[in-house]
Amino acid sequence: MKIRFVLNGETTELDVPGDRRVVDVLREDVGLTGAKESCGSGDCGACTILVDGESRLSCLMLAAQLQGRRITTIEGLGSEAQLHPIQSAFTQYGAVQCGFCIPGMVLATADLLKRNPSPSREQIRRGLGGNLCRCTGYQKIVDAVQAAASRSADHEKPLRDDK
Amino acid sequence: MRDVSLPRSLEELWGLLDRESAAALYAGGTDLLVKLRAGLEDPPALICLERVGELKGVQDELDEVWIGAATTLSTLMEDPIIQRRFQVLRKGLEVLGSPPVRHMGTIGGNIVTASPAGDTLPALYVLGAQLEIRSKDGSRVVAIRDFIVGPGQVLLNRGEILAGIRLRKVQSYAIHHYEKVGRRKSQACAIASMAALLTVSDSGVVEAARLAWGSVGPTVVICREAEAAIEGKPLSMESLKLAIPLVEKAVSPIDDIRADAAYRRTVAGLLLLRLSEYSAGTCSAQ
Ligand SMILES: Cc1cc2nc3c(=O)[nH]c(=O)nc-3n(C[C@H](O)[C@H](O)[C@H](O)COP(=O)(O)OP(=O)(O)OC[C@H]3O[C@@H](n4cnc5c(N)ncnc54)[C@H](O)[C@@H]3O)c2cc1C
Ligand code: FES
Ligand code: FES
């Protein structure tokens, strides 16, 4: 099945089975391994991507559903030369240990801050409730999200969910 | 490999169903794709409803509000009409899954999945939701409590879909309550839950009560006896306690990995006591 969509700002055309999971398309067909697969059943958030700016789980989405959508993966959020403000906050606040959950956490944070630019700690916990982390104990992740939120408020420039 | 179609209209959907009547429908896929992956279902083809415009949105009609079955849970949660009139439903949505699950999952999917733990179901029961079922040949309307007949079992014939949910606008209840008890806050399947609508007089007497429990029976449990027991009495711990044995009798929970039946029965009864927090007559507790 021919599928046309925008992936990290670039129009992309693929010929893949319509029932292939989006996480497999991204990781194996396109070679973007930022989205991780862990549970494969919606529970962990490691496979989070943004679909038209909204967080979704790429393990519960089929290739056919990509048609016409704007997809952002962690590879499209910032670059190594210029990290996205959420990414710099995560590194500065020590919110990253093994890193496996981080692409999902960062994209879920982008979705959260777009809806609520200055969330309370409780709102951050709820907003990231679908993303599990086995390492950090979450405190530093919540610190980082708060910092990212207040920085973008300081600079009065909205966090962009994609490019 | 299975074909996956994404019809953009009901017209297109009927055509697809004519050609492949055994195709499985899905909307958000948060239930169906999990089952497919686990090998629990093996349909020859898939039809995704996410782009059928006629199945989406919330419409404010004369004396009803119509909700398209393929409306996502997060769209509903943020909808001003739902927030203004149906707080009990909004409270159910708020504790369902996680943000990405709510961005994908739909209310129609929650109803047709018919899990005893479905978090929109107790609210839809107390609100007396009517479901609009459509097929190529026409439509019919059925009350949600007649539509859901068992765990995962609904009265839907081949070729029929759930098109929308109708809620009566005039619901005189000032208090809208939903509480779910799970093992943790996010993504927890309910061990027991309760939705309630109450009207309380200025003097603090319960004038009308609608109650429904989730996860403590094969389908949502309603208990007219408990409603009658709290009606006409002050909204207090003492009178709520008197209704607990009636609830414990009405429910028929099972043991599973989340909790055992006896614990579920106890929690179902005790959930009633939370209603005393509304004794000031506001909608704000919980
Ligand atoms: C991690 C995770 C956590 C979850 N947590 C909760 C929770 O806390 N509470 C809760 O209640 N649920 C929970 N769920 C279950 C699920 O998200 C909800 O039931 C959701 O509402 C299902 O909607 P959907 O559109 O994704 O359903 P789908 O998977 O698309 O469909 C489910 C079923 O309904 C049928 N169907 C869907 N739409 C229609 C229609 N319009 N007409 C006819 N048939 C239709 C499909 O054929 C399928 O059989 C969770 C799921 C996951 C993956
Ligand atoms: S891999 Fe998709 S949610 Fe866990
Ligand atoms: S940093 Fe290791 S899982 Fe989160």
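Below, chains carry the letters A, B, ... as their sequence lines are ordered, and counting in each starts from 1.
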Which bit of A:Leu132 is near chain B, if near means a heavy-atom gap under 4.5 Å: side chain, backbone, both or neither?
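Looking at A:Leu132, just its side chain touches chain B.
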Side chains of [X] and [Y], heavy atoms from C-beta outward: is any pair under 4.5 Å?
X	Y	result
B:Leu124	B:Ile107	yes
B:Leu17	B:Lys136	no
B:Ile82	B:Met77	no

Which residue in the set B:Leu13, B:Leu16, B:Val112, B:Leu156 passes side chain to side chain contact (heavy atoms under 4.5 Å, CB included) when paired with B:Leu25?
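Output: one option passes, namely B:Leu13.
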Compile the donor-acceptor pairs, distance criterion under 3.5 Å only, formed between chain B and chain A.
| residue | atom | partner | partner atom | Å |
| --- | --- | --- | --- | --- |
| B:Arg2 | N | A:Asp19 | OD2 | 2.9 |
| B:Tyr26 | OH | A:Gln65 | OE1 | 2.9 |
| B:Glu50 | OE1 | A:Gln65 | NE2 | 2.8 |
| B:Glu50 | OE2 | A:Arg69 | NH2 | 3.4 |
| B:Arg51 | NH1 | A:Gln67 | O | 2.7 |
| B:Arg51 | NH2 | A:Gln65 | O | 2.8 |
| B:Arg51 | NH2 | A:Gln67 | O | 3.1 |
| B:Glu78 | OE2 | A:Arg115 | NH1 | 3.2 |
| B:His103 | O | A:Arg56 | NH2 | 3.2 |
| B:His103 | ND1 | A:Ser55 | O | 2.8 |
| B:His103 | ND1 | A:Ser55 | OG | 3.1 |
| B:His103 | NE2 | A:Arg115 | NH2 | 3.1 |
| B:Gln187 | NE2 | A:Asp43 | O | 2.6 |

Apply side-chain contact (heavy atoms from CB on, under 4.5 Å) to the pair A:Ile49 and A:Val23, showing each step before the final yes or no.
CA-CA 9 Å; A:Ile49 58 172; A:Val23 66; over 6 Å; no
Within the supplied structure, the quantity of interest is the number of heavy atoms (other residues, nucleotides, ligands) at a distance under 6.0 Å from A:Phe100 CZ; does it exceed 12?
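Count over threshold, so yes.
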